[in-house]
S.K.: 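Have a look at this one before I ask anything.
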Amino acid sequence: PPLETFLPPSCRGARAWAKILCIQMLWLWEEWRRRPRRLWKKDPLPLQGRRTQFSFQKFPAELSAAFLARCKAEGISIHGALSGILAQALARVEGWPSSSHVPVGSPVDLRPLLPTTPSALPLFGPYVSAVLAYLPVSATNPEQAKRVRDAIQTHTQNEDAFALLKAVSL
């Protein structure tokens with residue numbers, strides 16, 4: 001049968017095609033009207049005018065040594081401690097209640113855990129997974145750091161994370 005028979009009668013003929021063309025043109029106009037625009041017209045935007053900025057801070061050696069010693073005494077990693085500090089600062093700045101949780105992502109290199117031969121590793125590339133830990137605002141920093149550590153350990157010991165890789169390597 002001709003292809004036109006698959007179309008409903010209201011969509012056949014020149015009038016229907018003109019209607020469809022008008023609808024598409026209206027859709028394109030709406031998309032053009034909603035296109036993203038720069039907030040500032042200067043190009044490139046100077047660093048002081050940007051919403052996000054990088055700040056380089058250099059801590060004294062004594063402060064860094066004391067922080068490292070405290071992390072070792074608590075049995076937590078530096079990454080976990082800094083994640084907890086970030087969660088507390090973010091909750092304070094945003095004004096979140098103490099009953100809320102702050103999501104913190106931790107990158108984990110899973111290449112040593114892949115069940116493949118080293119020659120197959122270039123096929124997977126930099127297999128870095130993001131582990132998400134929800135840190136309670138009301139918890140202390142060591143408790144938050146231990147939650148980050150537990151989330152990373154749970155993710156790296158989970159066999160389901162490697163199910164697709166095992167299927168590909170067969």
Side-chain angles (χ1 to χ4, degrees), residues 31-170:
E31 287 295 313
W32 181 80
R33 198 174 61 81
R34 292 183 180 178
R35 72 189 184 283
R37 295 182 181 92
R38 293 196 101 162
L39 296 176
W40 294 280
K41 299 297 180 188
K42 293 180 183 177
D43 190 26
L45 190 61
L47 186 62
Q48 294 80 13
R50 295 181 187 176
R51 289 185 177 179
T52 58
Q53 297 180 357
F54 290 102
S55 176
F56 178 75
Q57 301 291 324
K58 189 172 182 179
F59 296 103
E62 302 84 31
L63 181 63
S64 298
F67 182 68
L68 183 59
R70 177 77 188 270
C71 288
K72 285 182 179 180
E74 295 283 345
I76 58 177
S77 67
I78 295 173
H79 171 74
L82 291 175
S83 296
I85 292 169
L86 174 70
Q88 289 175 356
L90 186 62
R92 188 178 307 128
V93 168
E94 294 295 326
W96 292 339
S98 61
S99 61
S100 61
H101 288 69
V102 178
V104 175
S106 301
V108 179
D109 185 7
L110 297 175
R111 285 179 291 186
L113 304 172
L114 291 176
T116 60
T117 60
S119 62
L121 286 180
L123 298 173
F124 299 117
Y127 192 72
V128 177
S129 179
V131 177
L132 194 60
Y134 291 94
L135 306 180
V137 174
S138 60
T140 62
N141 191 279
E143 291 171 355
Q144 290 174 332
K146 289 175 183 172
R147 281 192 179 222
V148 170
R149 181 191 61 208
D150 293 344
I152 291 172
Q153 285 178 349
T154 302
H155 184 74
T156 55
Q157 293 171 358
N158 186 1
E159 289 294 321
D160 293 336
F162 305 110
L164 179 63
L165 296 175
K166 286 181 181 177
V168 170
S169 64
L170 293 178

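The structure displayed is predicted, hence computed values, not measured ones.
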S.K.: Below 3.5 Å, can you tabulate the donor-acceptor pairs from side chains in residues 89-99 to any protein atom, sequence neighbours excluded?
M.R.:
none

S.K.: Which pairs count as salt bridge (Lys or Arg N to Asp or Glu O under 4.0 Å) when at least one residue sits in residues 140-151, sequence neighbours excluded?
M.R.: none

S.K.: Can you pull out every salt bridge (Lys or Arg N to Asp or Glu O under 4.0 Å) where at least one residue sits in residues 76-88? Sequence neighbours excluded, please.
M.R.: none

S.K.: Of all heavy-atom pairs between Q144 and A87, which one has the smallest distance, and what is that distance?
M.R.: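 Result for this residue pair: NE2-CB, 4.4 Å.
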
S.K.: Any chance OH of Y134 has more than 12 other-residue heavy atoms, nucleotides or ligands included, within less than 6.0 Å?
M.R.: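 Open.
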
S.K.: Let me have the donor-acceptor pairs involving side chains of residues 74-85, under 3.5 Å, with sequence neighbours excluded, atom names and distances please.
M.R.:
| unit_1 | atom_1 | unit_2 | atom_2 | d |
| --- | --- | --- | --- | --- |
| E74 | OE2 | R70 | NE | 3.4 |
| S77 | OG | G80 | N | 3.0 |
| H79 | NE2 | S106 | OG | 2.8 |
| S83 | OG | H79 | O | 2.8 |

